[in-house]
Amino acid sequence: MKKKLWSLLLALMLINTTIVSGLNSVTVSANEINVVNQQNVTSVNSEKEQSQVSVKDGNDHVQKNSKEPLGLENNTNTDDVASKERKQEKQSTPKLQNSTKIRFYNYSGDDMAGFSPKVEVINKNNNSVIFSGIVPQFINGTAEIDTLKQIDANTALIVKIDGQAITETPEDISIEGKEYEASLNEYNNFIDVSVQQVNKPEDKFLRVKKYWYDCNFKYEMVEPSATISTVMASFVALNEENSHSISKENASTSQYYELNDGTELNINAGKVLPSSEIPVSDIRVRLYVDGQPTDQVIKLGDNNNWQGKFDISKYVDKYGNYVSKDGHYYQLTVVEEGTKGTQISFLGKSYNVLSVLGMQHDAYLFNSEAECELPLNIPVKKIWKNEKGKVEKAAADLPKMIKVSLMAGNKVVQTQELSQSNNWQYVFENLPRYEKNTGKEIKYSLKEEAVKGYDSQITGDMKNGFVITNVKIPGEPNEPTPKVPGEPNEPTSNVPIKQRQVTRISSKLEKTTSDKKIPKTGENSNMSTYLVGTLIVMAAAFLILTNFKKHKIENKKRR
């Protein structure tokens, strides 16, 4: 009995021990899950973190935080495998650059209007188009396109403009009728394309412009490195050396011309001649190359505003430089035909000639008067005299105004009014001395409109001036009488005064006779009265005459 009690007690103790062990195991697992939750882990990887219970040799073993999943005890560490795979993937992925930008640059002076061709970026390996777009408008000489795509930095690219491939070596391309030279430079995420317009139509011609200046024309050549203060100092010094005074009226605005040899022409004195003072209507200019005359001659004159151009296409390269195919540099000049040394003569007057070549295929010809010749000014003076020949300056009965005309042959050059306000004087100024086309000296004369009541006499000449002397005719009014319609103006001739008076009296008598009126239909009553009165007067005269004769006869009988 005791043995049975002890066996039962031993069994109860064994059962108790097993229950306690199980409770302890559950408590440990719950604590582990608690810790994981506190660390915000979303899932527990059973291969790395779950505790496993392994039964070996009939004993209970609890393994906590085992790093090796069940059944993989002998396999390679998974962390090392993943790391190697990531490294291999990284090595096989090509390096991508940021979005590629294509930048276009043009040369100064090129006309990029209308330059908007299609641009393509092509993968050279498989000939696939990576990007296609239109070149935008150039702003300040540049234009830019962003491909907005990542391109493999190791990919060989081909850039085409309007279907024409561009490389580092300059290539000639044609777009919308204009020719360009293009090249590119590729680096990092930029493709820089340089575009230069070549074989420009305007580069195939040399434009020539002619200028005429007076005798005060002064100029100087200024180096490009000279400062503004240097230029102004030279300008002042040059004017001080000028023997002719330069007034505000004839001083020209300073003008600058950039020359082909790198210097600058500075025109700082002189007046541009008006058309009326240019001695000829046109000139002939010949093109010289390397000092030798060519067969190209152009005419400059009033009809083309003194401008023209030469064809120089065979003397320039595609960039417009004066270079031959073998590298020879041409020297171009323009020469005014008839020039001897640095002067030319027109109408007996000498002119200095200056010919220079500009930068942008421009040539300039300057002709300036070699000597300052006083302009032709013709003074006119009016003298009034009374009947006795005494000069009258401010007589009350003088006309208020008269008109005089300066004549060149039969042509009126200018008409001017003379009056007390200008002291009856005037000067016709800045008159040309010679005819432009023939070169003949112009002969000037003066003509005065007829003045009523005065005899007119004009003396003098165009060199010394003219004097008009008006002498009052005795008995004639000063103010002109109202003109009768249809009556011609009285001629101002050299007919003697008395004969002219008789002519005037005869004219008045004829005028009085012609002024008698013929009665109109509405004047019958007045005419009847006039006839009755006339008959009565005639009858009375007849009676008186009859009575007179009767008395005369009776007196004779008485004797």
Side-chain angles (χ1 to χ4, degrees), residues 105-113 138 140-142 181 194-213 216-239 251-273 283 285-291 296 298 300 304-313 315-324 328-336 339 342 352-368:
Y105 300 90
N106 77 300
Y107 283 71
S108 175
D110 287 354
D111 180 14
M112 304 306 292
F138 275 75
N140 296 328
T142 62
E181 182 185 77
S194 297
V195 181
Q196 179 178 5
Q197 190 177 357
V198 295
N199 296 322
K200 300 179 185 178
E202 58 268 26
D203 287 343
K204 299 179 181 180
F205 296 94
L206 177 63
R207 296 171 293 274
V208 185
K209 173 68 176 175
K210 174 77 171 179
Y211 298 90
W212 294 88
Y213 277 84
N216 293 308
F217 176 77
K218 298 295 177 183
Y219 70 92
E220 60 182 343
M221 299 294 183
V222 182
E223 294 295 331
S225 59
T227 61
I228 296 298
S229 58
T230 304
V231 174
M232 293 306 296
S234 301
F235 172 72
V236 173
L238 195 82
N239 281 339
S252 66
T253 305
S254 296
Q255 299 185 38
Y256 299 89
Y257 301 89
E258 189 178 2
L259 304 186
N260 188 54
D261 59 1
T263 60
E264 190 176 69
L265 173 65
N266 175 21
I267 307 297
N268 50 33
K271 182 186 74 173
V272 176
L273 294 180
I283 61 169
V285 181
R286 186 179 295 273
L287 175 67
Y288 278 64
V289 178
D290 293 338
Q296 292 196 59
I298 59 176
L300 308 180
N304 54 19
N305 197 26
W306 299 95
Q307 298 182 71
K309 59 184 180 181
F310 290 107
D311 183 359
I312 57 171
S313 55
Y315 304 115
V316 295
D317 60 10
K318 68 178 183 179
Y319 306 107
N321 301 318
Y322 300 115
V323 183
S324 65
H328 171 71
Y329 283 85
Y330 293 111
Q331 298 292 329
L332 274 64
T333 53
V334 293
V335 177
E336 183 175 351
T339 303
T342 59
N352 295 321
V353 180
L354 173 65
S355 175
V356 292
L357 193 65
M359 283 293 293
Q360 302 298 328
H361 298 298
D362 292 308
Y364 309 102
L365 270 171
F366 300 91
N367 279 23
S368 58

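Just so it is clear, the structure is predicted and the values come from calculations on it, not from any experiment.
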Engineer: Atom CD of residue position Q331 - does it have more than 12 heavy atoms of other residues, nucleotides or ligands inside 6.0 Å?
Structural biologist: no
Engineer: Would you say the ring centroid of Y257 lies under 6.0 angstrom from that of F366?
Structural biologist: yes
Engineer: Can you see which heavy atom on D203 is nearest to which on V316, and at what distance?
Structural biologist: O-CG2, 3.7 Å
Engineer: Among L357, D317, V289, find the one that has a side chain to side chain contact (heavy atoms under 4.5 Å, CB included) with Y322.
Structural biologist: L357
Engineer: Taking the side chain as everything from C-beta on, heavy atoms only, tell me whether Y213 gets closer than 4.5 Å to I267.
Structural biologist: yes
Engineer: Distance alone, cut at 3.5 Å: any donor-acceptor contact between the side chains of Y319 and E181?
Structural biologist: yes
Engineer: Testing the basics here: between N106 and T142, what is the closest heavy-atom pair and its distance to 0.1 Å?
Structural biologist: OD1-N, 4.3 Å
Engineer: For F205, give me all partners under side-chain contact (heavy atoms from CB on, under 4.5 Å), at least two apart in sequence or on another chain.
Structural biologist: K309, D311
Engineer: Considering residues at least two apart in sequence or located in another chain, which fulfil the side-chain hydrogen bond (donor to acceptor under 3.5 Å, both in side chains) criterion with D110?
Structural biologist: K200
Engineer: Mind listing the closest non-hydrogen atom pair of F310 and R286 along with its distance?
Structural biologist: CZ-C, 3.9 Å
Engineer: Between Y364 and G358, which heavy-atom pair has the shortest distance, and what is it?
Structural biologist: CE1-CA, 4.1 Å
Engineer: Inspect the surroundings of CD in E202 and state if more than 12 heavy atoms from other residues, nucleotides or ligands are less than 6.0 Å away.
Structural biologist: yes
Engineer: How would you list, by chain and number, every residue that makes a side-chain contact (heavy atoms from CB on, under 4.5 Å) with S324, sequence neighbours excluded?
Structural biologist: D326, H328, Y330
Engineer: Under a plain distance cut-off of 3.5 Å, with no hydrogens placed, do N367 and K210 share a side-chain donor-acceptor pair?
Structural biologist: yes
Engineer: What are the two closest non-hydrogen atoms of V334 and A363, and how far apart are they?
Structural biologist: CG2-CB, 3.9 Å
